[in-house]
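To keep things clear, I will list the structure first and then write my remarks on it.
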Amino acid sequence: MPLILATRNGHKLREFRRLLSVTELEPLPETVELPPETGETFVENALDKARAAAAETGRAAIADDSGIAADALGGRPGVRSARYAGEEASDEENLALLIEDVPPGSGLHYVCALVYVDPASGEERVFERRCDGVMSASRRGSGGFGYDPVFVPVDDVSGRTMAELSAAEKDAISHRGRALRAFEEWFTAER
Ligand code: IMP
C-alpha cells in the first residue's frame with residue numbers, strides 16, 4: 001500500500017518520489033487540511049502534518065520539515081527558514097537577508113526531520129538528519145533552491161556551494177537525502 005506524503009508542495013512530492021525507491025507515494029487528498037507550521041522544532045512540525053494526514057485518511061503517512069540554522073544567529077532562522085524575511089517572503093528575499101546577517105566562513109547547518117505515522121498500530125518514527133556547512137563569501141551556482149547558493153557543505157572537498165553541485169551530488173550529502181535513506185533502511189528492515 002503506498003504511503004501518503006503529507007505536503008501541498010508538488011515539488012516536494014516529485015523530489016521524494018525520485019529519492020524513495022522502497023515504497024510508492026500518494027499525494028495528500030484535497031479534502032485533508034494540513035495544520036499550520038507552529039511548532040518550535042522541525043520534528044514537531046513534521047509530526048503535526050503526518051498525524052493530520054494519517055488521522056484523516058486512516059493510512060500510514062510520512063511528512064518532513066526542514067530549514068537552515070546559522071551559528072552566528074544562535075540557530076536561527078531554523079523552523080522559520082521559509083519565513084525568515086517575512087511571512088510571504090520569497091526564497092530570493094530570504095537568501096538576501098541571510099547574506100546580510102551572517103558573516104562568511106561561519107557555520108551553517110541544514111536540518112531535515114522526516115517522520116512516519118501509522119494510524120493502525122499507533123507507531124511513530126522520527127528520522128532527523130543534518131548537513132553541515134559554512135557561509136560562502138559570495139553567492140555561486142544556479143542549481144538547488146533556497147539558501148543553496150551560499151551553503152558550502154563540509155562533506156564536499158571541492159569547496160563548491162550546494163547550488164554548484166549536481167542533483168545527485170547534493171542528494172548524497174544533503175539533510176533530506178540522509179533522512180530519506182535512514183527512513184528507507186528502517187522501512188525495508190521492518191517489512
Ligand atoms: P520546508 O521543509 O518546505 O518547510 O522548507 C523550509 C525552508 O528551508 C525552505 O523554504 C528553504 O528556505 C529552506 N531549505 C530547506 N531545505 C533546503 C535545501 O535543501 N536547500 C536550500 N534551502 C532549504
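The analysis underlying the following values was restricted to heavy atoms, covering all of them including side chains, and did not include hydrogens, waters or symmetry mates. When a ligand or atom number is given, it counts from 1 through the structure's own listing order.
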Worksheet item: Which ligand 1 atoms does Ser81 reach within 4.0 Å, using its non-hydrogen atoms?
Response: 7 (C), 8 (O), 12 (O)
Worksheet entry | Per-atom contacts of ligand 1 with Asp65, taking only distances under 4.0 Å to non-hydrogen atoms | 2 (O), 4 (O)
State whether [X] and [Y] are salt-bridged, where the test is any N-O pair (Lys NZ or Arg NE/NH1/NH2 against Asp/Glu carboxylate O) under 4.0 Å.
| X | Y | value |
| --- | --- | --- |
| Arg17 | Glu15 | no |
| Arg80 | Glu87 | yes |
| Asp118 | Arg125 | no |

Worksheet item: Do Phe183 and Phe187 have ring centroids that are under 6.0 Å from one another?
Response: yes
Worksheet item: Looking only at heavy atoms, is any part of Arg176 under 4.0 Å from ligand 1, and if so is it the side chain, the backbone, or both, or is it neither?
Response: side chain
Item to complete: Please work out whether any backbone atom (N, CA, C, O) or any side-chain heavy atom from C-beta onward of Phe151 is under 4.0 Å from ligand 1, and answer side chain, backbone, both or neither.
Response: neither
Discussion item. I need the single residue from His175, Lys12, Lys49 that forms a side-chain hydrogen bond (donor to acceptor under 3.5 Å, both in side chains) with Asp64. Which is it?
Written reply: Lys12
Fill in: From Asp91, Asp101, Asn94, residue fulfilling side-chain hydrogen bond (donor to acceptor under 3.5 Å, both in side chains) relative to Tyr84
Asp101
Worksheet item: So, is Asn9 polar-close to ligand 1, with some N/O to N/O distance under 3.5 Å?
Response: no
Worksheet item: Are any of the N/O atoms in Asp64 less than 3.5 Å from those in ligand 1?
Response: no
Close side-chain approach of [X] and [Y], heavy atoms under 4.5 Å:
| X | Y | result |
| --- | --- | --- |
| Leu19 | Arg181 | no |
| Leu95 | Asp148 | no |
| Phe127 | Arg178 | no |
| Leu28 | Thr7 | no |

Which protein non-hydrogen atom lies closest to [atom], naming both residue and atom, and how far is it?
| atom | result |
| --- | --- |
| atom 19 (O) of ligand 1 | Lys170 NZ, 2.9 Å |
| atom 17 (C) of ligand 1 | Phe145 CZ, 3.3 Å |
| atom 22 (N) of ligand 1 | Tyr147 N, 3.4 Å |
| atom 10 (O) of ligand 1 | Ala82 CB, 3.5 Å |
| atom 20 (N) of ligand 1 | Asp148 OD1, 2.8 Å |
| atom 3 (O) of ligand 1 | Lys12 NZ, 3.0 Å |

Discussion item. Please compare Gly67, Pro149, Ala163, Ser66 and report which has the shortest non-hydrogen distance to atom 6 (C) of ligand 1.
Written reply: Ser66
Is there a heavy atom of [X] sitting under 4.0 angstrom from any atom of ligand 1?
| X | value |
| --- | --- |
| Asn94 | no |
| Ile68 | no |
| His175 | yes |

